[in-house]
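Residue numbering restarts at 1 for every chain, and letters A, B, ... go by the order of the sequence lines. For the numbers below, each heavy atom of this structure counts, side chains included, while hydrogens, waters and symmetry mates do not.
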Protein chains: 2
Amino acid sequence: MAKGKSETLIDVAKYAGVSIATVSRYLNGVKVRPELAAKVADAVEKFDYRLNPAARLIKGQKSGTIGLILPELDHPYFAALLEGAAEQAREFGQNILVGSCHGKHEVEEQTIDQFAHNILDGLIYTPVAKSVNLIEIEAFRELPVVIAARDQSVYPQLPHVYQDTHGGGYLSTKYLLSLGHRKIAFFASFWEPDFTEKEMLEILKTPGTGVYSSLNRFRGYLDALEEFGVEYDPRLVIKCSYGFEDGKSSAKHLLSRMITFDSIVTASDYVACGVIDTLEAQGISVPNDVSVMGYGDLELSKMIKPQLSTIHQNMFEIGKQSVRSLYEVIHDRTAEDIMLDVELVVRDSTSKKDT
Amino acid sequence: MAKGKSETLIDVAKYAGVSIATVSRYLNGVKVRPELAAKVADAVEKFDYRLNPAARLIKGQKSGTIGLILPELDHPYFAALLEGAAEQAREFGQNILVGSCHGKHEVEEQTIDQFAHNILDGLIYTPVAKSVNLIEIEAFRELPVVIAARDQSVYPQLPHVYQDTHGGGYLSTKYLLSLGHRKIAFFASFWEPDFTEKEMLEILKTPGTGVYSSLNRFRGYLDALEEFGVEYDPRLVIKCSYGFEDGKSSAKHLLSRMITFDSIVTASDYVACGVIDTLEAQGISVPNDVSVMGYGDLELSKMIKPQLSTIHQNMFEIGKQSVRSLYEVIHDRTAEDIMLDVELVVRDSTSKKDT
DNA sequence: CTGTTAGCGCTTTCAA
DNA sequence: TTGAAAGCGCTAACAG
């Protein structure tokens, strides 16, 4: 590896009394006469010999390494994705090169650039905002890429593996509507939005919105409202990020608008926790006074009181599937876009509207 | 990278009208006559040329990639460590190859083996149990290695970066003692212990216990008890793992022993949450009837009710520091063992024993 | 099926 | 300083 002058093909061949080509063949699974194979096996064993990966690479072999760029590594959603990817990669005998960008664009570019210097068979990528133009990065020209956790609108020409975020927003909202709620607030979480709340409706119509998964959730929200004939009220929409503190401040923000609301759809269990915390601190009971929907079905949602009604999404599976899809692409097969379903999970943070 | 017949040194040299050696030198920061340098710079720019990493590797250059093997990737402790490592690595222009082993030994070996086939400048490693003999893995013979989140007892010859787990156990226990508690239960969390509760006291004396951070916590617990002249009662010790469910079942287990206890020291905020959940379900109030200490100061600890008194540890920093230490070793400098302090964080899950 | 040999793209002597 | 040329360890085309 790093230092360590290990043996080479020549040593092994010499010891086995065959040519280096034979050793190479044997090690690469090409047919070799059994007697020779045995001798080679012996020599390989004796030296605990491994082919030098660098030397193979230079001959255009695959590196067995795939890149994975995520907005954040210590966020439960992405951590689960990563764990899934790691598991699948291990099964494939692949290694994973990770990069995190703290949800920041600038860091993302730097990370991509650093990856570009490396030897990758392929890349799994979860962009934080649509303006990155991965495709323009020269080094990635010919690199197989799969987009994870973002929908097809992002890079239409690449395979995507993602959750049905629209369905998530829709299910949340519809469920609240079915409980009798009509003043449903929507907390739209973004990493780095370059637009305002007011512009959200407008942005919805532009292409490439898939980087903003909350926009899809928002679409689901609007669709459910429409289905129930409830008029959209922009004052019920709050833009925030994905954390506990965001939930707290957004709840305060909503409260400060002095409008009535009977329920809230969030984009994250963390946000939902923050919301509940603030609401209860204000003497507003969840779910008696206000119903709150989480998103993600993190373990956390079962740990707090009230337990969170939420949307279950399987990020672990997204990770695994992304690796599988990438594997296909790397081996010159095609990979379809894959959308995984989400599920409504009803617990205790929502209840029938008392009339 | 993967495919894509990119330019080579020859193309650049030809275009610049110099020899390939000159281009190589220029690109490697070796002195070159300004006029030539300019021409080369030009050519490089024009082709957006990058040295082929594989070809450099074969000449014994560094890969710029370090490995990181963790018991789990979607566990908040390790996710934070990873995020820290990723940040520091980015600053160093290094890439990180991650491996997770689900806290399982067998997977760990497989992961290590997979890494061994790769080209790494070094490795950061958090073993799950002491029996792995990393050193015996031939491929790692000469690889710089730093042990993260495990104390010096693990591989005495390697640099370690870890938290003061002993201090954590000690602080927790001492704090409870100072509140007047005397029947302090200890929940010992392990990934894959190969011993029983009864053997813990025995194991404590054997070398290499650092892989079991709970053992150090346990030492701290014992030391605090001794300091306050409280006799150790093995019936108050429960062995478990690190999750919410473990906390629940362990609390039930303790309850089933029908002995009195007034407080519990855990090894994880998750466990503490489970404990509180179960206790309260049994009508036992936290902290009024029983005080509970968490461990880790996860964001979660502020999100539940009661907010957790816990031990703060900075896993992010462990990750960063590990990369820094490894960087030193890679560059043939020495790296000292580094122990980071932990801090007692008092919130609402603990209170004075009412007498 | 096996051995010989020509590179892969780069770094690094060695002379100039 | 610079350029020419000798490898680094391996794969694959070629001839046997």
Q: For B:K59 and D:dA5, give me the distance from atom NZ to atom C1', rounded to whole Å.
A: 11 Å
Q) Any side-chain N or O of B:S24 less than 4.0 Å from the OP1 or OP2 oxygen of C:dT11? A) yes
Q. Checking all strands, does A:L36 fall into the base, sugar-phosphate, or nothing category for heavy-atom contacts under 4.0 angstrom?
A. sugar-phosphate
Q) Between C:dT11, D:dA4, C:dG3, which nucleotide gets closest to the side-chain atoms of A:V18? A) C:dG3
Q) Do you see a donor-acceptor pair shorter than 3.5 Å between the side chains of B:R324 and B:Q88? A) yes
**Q.** Phosphate OP1/OP2 of D:dT11: any A:R56 side-chain N/O under 4.0 Å
**A.** yes
(Q) Measure NZ/A:K14 against P/C:dG3 and give the value in whole Å, please. (A) 15 Å
Q | Interatomic distance where CG belongs to B:N28 and C1' belongs to D:dT2 [whole Å] | A | 16 Å
(Q) For a quick check of understanding: with a heavy-atom distance under 4.0 Å over all strands, which category does A:L51 fall into, base, sugar-phosphate or nothing? (A) sugar-phosphate
Q. For B:E72 and B:Y77, does a side-chain donor sit closer than 3.5 Å to a side-chain acceptor?
A. no
Q: Figure out the CD1/C1' separation between B:I10 and D:dA5, and round it to whole Å.
A: 12 Å
Q. Nearest to the side chain of A:S19 - C:dT4, C:dC8, C:dT11?
A. C:dT4
Q) Does A:Q152 reach the side chain of A:Y162, with side-chain heavy atoms less than 4.5 Å apart? A) yes
Q. How many Å lie between CG on B:N52 and C1' on D:dC8, as a whole number?
A. 13 Å
Q. Of all the choices, C:dT2, C:dG3, C:dG9, which nucleotide is nearest to the side chain of A:V32 once you look at every atom?
A. C:dT2
**Q.** Contact under 4.0 Å: A:T22 side-chain N or O vs C:dG3 OP1/OP2
**A.** yes
Q) Can you list the steps and then say if A:S213 with A:R150 is a side chain to side chain contact (heavy atoms under 4.5 Å, CB included)? A) CA-CA 7 Å; A:S213 54; A:R150 300 287 180 254; 4.3 Å; yes
Q. Where each residue is assigned the nucleotide of DNA chain C containing its nearest heavy atom, which of A:G17 and B:L9 is assigned the position nearer the 5′ end?
A. A:G17
Q. What nucleotide, of D:dT11, C:dG3, C:dC10, holds the atom closest to the side chain of A:Q61?
A. D:dT11
Q: Mind checking B:T8 for me? I need base, sugar-phosphate or nothing, with any heavy atom below 4.0 Å counting as a touch.
A: sugar-phosphate
Q.
In this structure, how many angstroms lie between the C1' atom of D:dC10 and the CZ atom of A:R25, rounded?
A. 13 Å
**Q.** Along DNA chain D (nearest heavy atom to each residue), the more 5'-positioned of A:A54 and B:I20
**A.** B:I20
Q) Can you check the B:E7 CD to C:dC10 P distance for me, whole Å? A) 10 Å
Q. Is the shortest side-chain N to carboxylate O distance from B:D11 to B:K46 below 4.0 Å?
A. no
Q: May I have the distance from B:L27 (atom CG) to D:dT2 (atom P), rounded to whole angstrom?
A: 14 Å
